[in-house]
2 protein chains.
Amino acid sequence: MGIFSKTCEYAIRAVFFIAHKTAGQSSRVGIKEIAGGIDSPEPFLAKILQDLSRKGIVQSTKGPNGGFYLDAASLLRPLSDIVEAVDGDDIFYGCGLGLKQCSEINPCPLHNEFKEIRNRIHHLLQDTKIGEFNDELITGILSLKK
Amino acid sequence: MGIFSKTCEYAIRAVFFIAHKTAGQSSRVGIKEIAGGIDSPEPFLAKILQDLSRKGIVQSTKGPNGGFYLDAASLLRPLSDIVEAVDGDDIFYGCGLGLKQCSEINPCPLHNEFKEIRNRIHHLLQDTKIGEFNDELITGILSLKK
DNA sequence: ATAATAAAGGATGTTTTTATCTTTTATTAT
DNA sequence: ATAATAAAAGATAAAAACATCCTTTATTAT
């Protein structure tokens, strides 16, 4: 088990992939190419992108030359938008030991330590923009496969 | 989805509970009391403790006056031992985006940022000992329920 | 208009995680 | 020895996550 669900891992990788493939050039990229580009099961990823599209995080058009893309505004959105859309905000606000009532006044043993870690994750994802890695992905410095 | 699996959340809370109930006094605490004390499903927790017992992280004896307890050495073990036993070490070493080949020479876009976060989690859990919160748990400053 | 294309939508299947129940084994007190 | 107790072990079940397949809808090119 990682920090994110598998669904969310695929989602983030897919959005990065769409971003670097379509940023600037008014082009689209199809589900097949995306799935191949991030090593994910195609039909499962289709469902994930369908959901992200409904939620306005990615854009899409049907038909020939259709596919997924990201408009200028989407490229500037923080990664946290993807995570919240897919996994919710538990990773940012939930108790590390799973206690519903855990809080400042009723803390679990790890409350303060985990608060810092969760905050750090939250800030990292808020400060990182979807379009931020396009250059490095194009040049191959960064990887989205396997 | 939290940082840990539900199984692991229950495991940590249960071990904390056993620790503060039995530390010092050569007493034992039964599965029923533990499950009640940490708000967990009793039969599921029984399986978890059975596993932790096999792995030597908690001690147990059967029969009347039997139950679970922690010896002196166990009380000094780090929390990371519980997490590794239950969830494995993915949380410490795995790629945030789920990439098997992610590494320094083939990094995903979030590699360095996540490395720091994972390290921080790792160090926190290595530096925190199982018996560390007994006093606060007895006095009720800290909570393991709901 | 028509055929081809590609995502959207809906139904379904599989695997893993979470949870329960029943029987067995070890220990203790009588 | 026997009965009572409590964890261990094994089998089973329910829920959630992960994954696939088939049909429909929107778009484009001819």
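Letters go in sequence order (proteins before strands), and every chain restarts at 1.
Close to C:dT18, at under 4.0 Å from its OP1 or OP2, lies no side-chain N or O of B:Tyr10. Considering only side-chain N and O atoms, A:Asn65 lies under 4.0 angstrom from the phosphate OP1 or OP2 of D:dA29. One finds a side-chain N or O of A:Ser53 lying less than 4.0 angstrom from the OP1 or OP2 phosphate oxygen of C:dA8. Put simply, A:Thr7 has a side-chain N or O that comes within less than 4.0 Å of OP1 or OP2 on D:dC18.
D:dA29 and C:dT2 make up a base pair, with Watson-Crick or G-U wobble contacts both under 3.5 Å. Across all strands shown, C:dT20 forms a Watson-Crick or G-U wobble pair, both distances under 3.5 Å, with D:dA11. Under the Watson-Crick or G-U wobble criterion, with both distances below 3.5 Å, C:dG10 is paired with D:dC21.
Regarding A:Lys6, its NZ atom lies at a distance of 15 Å from the C1' atom of C:dT17, rounded to whole Å. Between A:Gln59 atom CD and C:dA8 atom C1' there is a gap of 16 Å when expressed in whole angstrom units. To the nearest angstrom, P of C:dG9 lies 5 Å from CD of A:Gln50. In this structure, the CD atom of A:Glu9 is 14 Å from the P atom of D:dA17, given to the nearest Å. The nearest whole Å value for the distance from the NZ atom in B:Lys62 to the P atom in C:dT27 is 7 Å. Atom CG of A:Leu45 is separated from atom C1' of D:dA17 by 16 Å (rounded to the nearest Å). A straight line from CD1 of A:Ile48 to P of C:dG9 spans 16 Å, rounded to a whole angstrom. Per the geometry, CZ belonging to A:Phe44 stands 7 Å off C1' belonging to D:dA17, to the nearest Å.
Taking 4.5 Å as the limit, some side-chain heavy atom of A:Phe92 sits within range of a side-chain heavy atom of A:Ser80.
A:Ser74 and A:Asp71 share a side-chain donor-acceptor pair at under 3.5 Å. Side-chain contact, A:Arg28 with A:Thr61: a donor N or O sits under 3.5 Å from an acceptor N or O.
One donor-acceptor pair, N or O on each side, does fall under 3.5 Å between the base of D:dA9 and the side chain of B:Lys47.
The listed nucleotides are D:dA7, C:dA8, C:dT18; the one nearest the side chain of A:Phe68 is C:dA8. Relative to the side chain of A:Pro64, the nucleotides D:dC18, C:dT18, C:dT5 differ in distance, and C:dT5 lies closest. Taking every side-chain heavy atom of B:Pro41 into account, C:dA19 is the closest of D:dT20, D:dC18, C:dA19. For B:Ser60, the side-chain atoms get nearest to D:dA8 when compared with the rest of D:dA8, C:dT18, C:dT5.
Put simply, A:Ile91 and A:Leu52 are part of the same group of oily side chains (I, L, V, M, F, W, Y) that touch within less than 4.5 Å, one to the next. In the hydrophobic clustering of this structure, A:Ile34 does not group with A:Ile138; members are Ile, Leu, Val, Met, Phe, Trp, Tyr whose side-chain heavy atoms approach within less than 4.5 Å, directly or through other members.
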- request: Decide yes or no on ring-ring contact (aromatic ring centres under 6.0 Å, His included) for A:Phe68 and A:Phe17, but give the supporting numbers first.
  value: CA-CA 10 Å; A:Phe68 296 91; A:Phe17 187 87; over 10 Å; no
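If you check every strand for non-hydrogen atoms under 4.0 Å, A:Arg54 touches sugar and phosphate atoms only. When heavy atoms are screened at a 4.0 angstrom cut-off, A:Pro43 is found touching base atoms of the nucleic acid.
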